[in-house]
Amino acid sequence: MHSFEYQIVPSSAKLTIEDLETYQITHQFYEEAQYRHDFEAYCQWYYATAEQHQKEAESMKSDLNIFGWFCR
């Protein structure tokens, strides 16, 4: 569910095509804004996780290879 999703109903019962078009464009704009926000958050998480994994892999290079003793 999107946090930007609202239903706006005009006070008059008569809806015009322009009202519906405006609502649709506004709704699409907020959907796009939410998508971009979510994508940016995902990218930041992904790059932070990748950087952490690279640091862990680099530090593991200096660890003793215990499995190498048993797998000859």
Side-chain angles (χ1 to χ4, degrees):
M1 193 89 186
H2 301 290
S3 61
F4 293 113
E5 212 168 302
Y6 297 101
Q7 289 189 358
I8 301 173
V9 180
S11 59
S12 67
K14 296 180 183 179
L15 292 175
T16 64
I17 295 297
E18 291 81 18
D19 292 334
L20 295 174
E21 288 173 345
T22 301
Y23 171 78
Q24 183 178 14
I25 290 169
T26 303
H27 181 73
Q28 289 173 347
F29 171 80
Y30 282 111
E31 277 187 331
E32 179 69 20
Q34 183 66 42
Y35 171 79
R36 290 180 183 206
H37 176 267
D38 293 345
F39 184 71
E40 178 64 28
Y42 169 77
C43 288
Q44 289 177 4
W45 168 84
Y46 184 88
Y47 290 126
T49 303
E51 183 179 350
Q52 182 64 31
H53 288 176
Q54 288 172 353
K55 288 178 183 176
E56 290 172 359
E58 191 63 34
S59 71
M60 288 171 55
K61 287 181 181 178
S62 62
D63 289 348
L64 263 169
N65 185 4
I66 299 174
F67 291 113
W69 296 345
F70 300 107
C71 300
R72 287 187 180 207

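Predicted model only: the values in this text are computed from it and were never measured. In what follows, every heavy atom counts, from backbone to side chain, and hydrogens, waters and symmetry copies are set aside.
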How are the rings of Tyr42 and Trp45 set relative to one another: parallel (under 30°), tilted (30 to 60°) or perpendicular (over 60°)?
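Tyr42 and Trp45: tilted rings.
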Judged by modelled atom types alone, do [X] and [Y] share a side-chain donor-acceptor pair under 3.5 Å?
X	Y	result
Asp19	Thr16	yes
Glu32	Gln28	no
Gln54	Glu58	no

For Leu20, look at atom CG and say whether over 12 heavy atoms of other residues, nucleotides or ligands are found less than 6.0 Å away.
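Yes, enclosed.
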Out of curiosity, Ile25 CD1 to Glu18 CD, how far, rounded to the nearest 0.5 Å?
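Here the rounded value is 11.0 Å.
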Spacing of NE2 belonging to His27 relative to CD belonging to Gln24, to within rounding of 0.5 Å:
8.5 Å
